[in-house]
Q: 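One structure, as structure tokens, below. Some questions next.
Please read these numbers as outputs of a predicted model, since none were measured by experiment. Only this structure's heavy atoms are used, side chains among them; waters, hydrogens and symmetry mates stay out.
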Amino acid sequence: QVQLVESGGGLVQAGGSLRLSCTASGSTFSNYAMGWFRQAPGKEREFVAVISYSGGSIYTADPVKGRFSISRDNAQNTVYLQMNSLKPEDTAVYYCAVSNSRYATSRHADYDYWGQGTQVTVSS
């Protein structure tokens, strides 16, 4: 019943910006942490950022600190990933995920539902 629908990916020049959106349906998600992961070609899926149920606690992975920010709009069941100063190494499929708890970490096992992914390609 739970669905996560992502949008906002695309092709962008290095130094540019993109904003990814992920809207959840099938339930209300104001009580659950949500996160973003990414998987680059030939690489394992890695943690990007997580936001707690209320938006009061945010953690981002070292490679994107200072460039990416996560936010949420609980009224719309939506989580966002604002990506600035994009680099070619940010190229990946980006996935949103929802936890069954109010707080979550970088661990894949913390998350119960995953979106289909959206491609982000950053050219040199």
Side-chain angles (χ1 to χ4, degrees):
Q1 186 174 344
V2 174
Q3 296 184 91
L4 302 176
V5 179
E6 298 158 301
S7 63
L11 175 65
V12 65
Q13 188 74 23
S17 298
L18 286 174
R19 180 177 294 159
L20 306 183
S21 300
C22 175
T23 299
S25 63
S27 183
T28 58
F29 293 88
S30 60
N31 290 326
Y32 308 114
M34 299 185 74
W36 287 95
F37 290 74
R38 67 185 183 184
Q39 188 166 22
K43 303 292 185 180
E44 299 294 327
R45 189 173 299 186
E46 67 174 350
F47 168 77
V48 175
V50 62
I51 186 167
S52 65
Y53 73 108
S54 66
S57 296
I58 295 171
Y59 298 96
T60 56
D62 287 343
V64 304
K65 282 183 178 176
R67 300 188 298 119
F68 292 10
S69 62
I70 187 170
S71 61
R72 66 189 298 160
D73 182 346
N74 283 340
Q76 299 296 323
N77 281 339
T78 300
V79 63
Y80 303 94
L81 186 68
Q82 178 66 48
M83 306 185 295
N84 299 323
S85 302
L86 283 161
K87 304 175 181 179
E89 52 262 44
D90 295 318
T91 295
V93 177
Y94 284 71
Y95 299 89
C96 67
V98 61
S99 175
N100 67 352
S101 300
R102 289 174 295 174
Y103 300 92
T105 72
S106 62
R107 299 175 180 177
H108 294 67
D110 285 357
Y111 303 87
D112 297 276
Y113 299 97
W114 297 79
Q116 78 286 356
T118 185
Q119 177 70 46
V120 172
T121 302
V122 184
S123 62
S124 300

Q: Side-chain contact test, heavy atoms from C-beta onward, threshold under 4.5 Å: evaluate it for Thr60 versus Phe68 and give yes or no.
A: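 The answer is no, as the side chains (C-beta and beyond) never meet within the 4.5 Å cut-off.
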
Q: Taking a hydrophobic cluster as the set of Ile, Leu, Val, Met, Phe, Trp and Tyr residues connected by side-chain heavy atoms closer than 4.5 Å, whether directly or through intermediates, do Val50 and Val48 fall within one such cluster?
A: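 No; Val48 is not reachable from Val50 via cluster members.
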
Q: For Tyr53, enumerate each residue passing the ring pair (Phe, Tyr, Trp, His ring centres under 6.0 Å) test, keeping only those at least two apart in sequence or located in another chain.
A: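 Scan of Tyr53 (ring pair (Phe, Tyr, Trp, His ring centres under 6.0 Å), adjacent residues dropped) gives Tyr103.
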
Q: Tell me every residue that passes side-chain hydrogen bond (donor to acceptor under 3.5 Å, both in side chains) with Lys65, counting only those two or more places apart in sequence or in another chain.
A: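 Residues passing side-chain hydrogen bond (donor to acceptor under 3.5 Å, both in side chains) with Lys65: Asp62.
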
Q: Are Trp36 and Val2 connected into the same hydrophobic cluster when the rule is that any two of I, L, V, M, F, W, Y join if their side-chain heavy atoms are below 4.5 Å apart?
A: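 Yes: a chain of side-chain contacts under 4.5 Å links Val2 to Trp36.
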
Q: How many angstroms lie between OG in Ser54 and CZ in Arg102, if you round to the nearest 0.5 Å?
A: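 Ser54 atom OG to Arg102 atom CZ measures 9.5 Å (nearest 0.5 Å).
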
Q: Give every residue pair that meets the salt bridge (charged side-chain N to carboxylate O under 4.0 Å, His left out) criterion with at least one member in residues 115-124, sequence neighbours excluded.
A: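 Counting only pairs at least two positions apart or across chains, no salt bridge (charged side-chain N to carboxylate O under 4.0 Å, His left out) contact touches residues 115-124.
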
Q: Taking only residues at least two apart or on different chains, which pairs with a member in residues 94-124 satisfy disulfide bond (SG atoms under 2.5 Å apart)?
A: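 Output for this query lists Cys22-Cys96.
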
Q: With a 3.5 Å distance limit and no angle check, can you tell me whether Thr28 reaches the backbone of Ser30 through a side-chain donor-acceptor pair?
A: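 Absent.
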
Q: Suppose we screen for side-chain hydrogen bond (donor to acceptor under 3.5 Å, both in side chains). Which residues come up paired with Gln39, at least two apart in sequence or across chains?
A: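 Once residues adjacent in sequence are excluded, Gln39 has no partner under the side-chain hydrogen bond (donor to acceptor under 3.5 Å, both in side chains) criterion.
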
Q: Should Tyr80 and Ile70 be counted in the same cluster of Ile, Leu, Val, Met, Phe, Trp and Tyr side chains packed under 4.5 Å apart?
A: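 Shared cluster, no.
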
Q: Could I get the full list of ring pair (Phe, Tyr, Trp, His ring centres under 6.0 Å) partners for Phe37, not counting sequence neighbours?
A: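 Ring pair (Phe, Tyr, Trp, His ring centres under 6.0 Å) check on Phe37 returns Phe47, His108, Tyr111, Trp114.
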
Q: Tell me, which pairs form a salt bridge (charged side-chain N to carboxylate O under 4.0 Å, His left out) where one or both residues lie in residues 103-116, sequence neighbours left out?
A: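 Sorted pair list comes back empty.
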
Q: Checking side chain to side chain contact (heavy atoms under 4.5 Å, CB included) for the pair Leu81/Met83: CA distance, chi angles, key distance, verdict?
A: CA-CA 6 Å; Leu81 186 68; Met83 306 185 295; 3.9 Å; yes

Q: Check side-chain hydrogen bond (donor to acceptor under 3.5 Å, both in side chains) between Thr121 and all other residues, then give those that pass, not counting sequence neighbours.
A: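 So Thr121 forms a side-chain hydrogen bond (donor to acceptor under 3.5 Å, both in side chains) with Gln119.
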
Q: Mind listing the side-chain donor-acceptor pairs of residues 13-21 below 3.5 Å, one per line with the distance, residues two or more places apart or on another chain?
A:
{"residue": "Gln13", "atom": "OE1", "partner": "Ser123", "partner atom": "OG", "Å": "2.9"}
{"residue": "Gln13", "atom": "NE2", "partner": "Ser124", "partner atom": "O", "Å": "2.6"}
{"residue": "Ser17", "atom": "OG", "partner": "Asn84", "partner atom": "OD1", "Å": "2.9"}
{"residue": "Arg19", "atom": "NE", "partner": "Gln82", "partner atom": "OE1", "Å": "2.6"}
{"residue": "Arg19", "atom": "NH2", "partner": "Gln82", "partner atom": "OE1", "Å": "2.9"}

Q: When rounded to the nearest 0.5 angstrom, what distance separates OH in Tyr32 from OG in Ser101?
A: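 Taking OH in Tyr32 and OG in Ser101, the distance rounds to 9.0 Å.
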
Q: Could you give all pairs that pass the salt bridge (charged side-chain N to carboxylate O under 4.0 Å, His left out) test and reach residues 40-61, with sequence neighbours left out?
A: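 Those involving residues 40-61 are Arg38-Glu46.
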
Q: If you measure from CD1 on Ile58 to CD1 on Ile51, what distance do you get to the nearest 0.5 Å?
A: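 The CD1 atom of Ile51 is 4.0 Å from CD1 of Ile58, to the nearest 0.5 Å.
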
Q: Taking only residues two or more places apart in sequence, or in another chain, which ones meet Thr23 in a side-chain hydrogen bond (donor to acceptor under 3.5 Å, both in side chains)?
A: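 Here the qualifying residues are Thr78.
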
Q: In chain order, what residues pass the ring pair (Phe, Tyr, Trp, His ring centres under 6.0 Å) check against Tyr113, with sequence neighbours excluded?
A: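 Checked Tyr113 against ring pair (Phe, Tyr, Trp, His ring centres under 6.0 Å); zero matches.
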
Q: Taking all non-hydrogen atoms of both residues into account, name the closest pair between Leu4 and Met34 and its distance.
A: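 Result for this residue pair: CD2-CE, 4.4 Å.
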
Q: Rounded at 0.5 Å granularity, tell me how far CD in Glu6 sits from OH in Tyr95.
A: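 One gets 8.5 Å once the value is rounded to the nearest 0.5 Å.
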
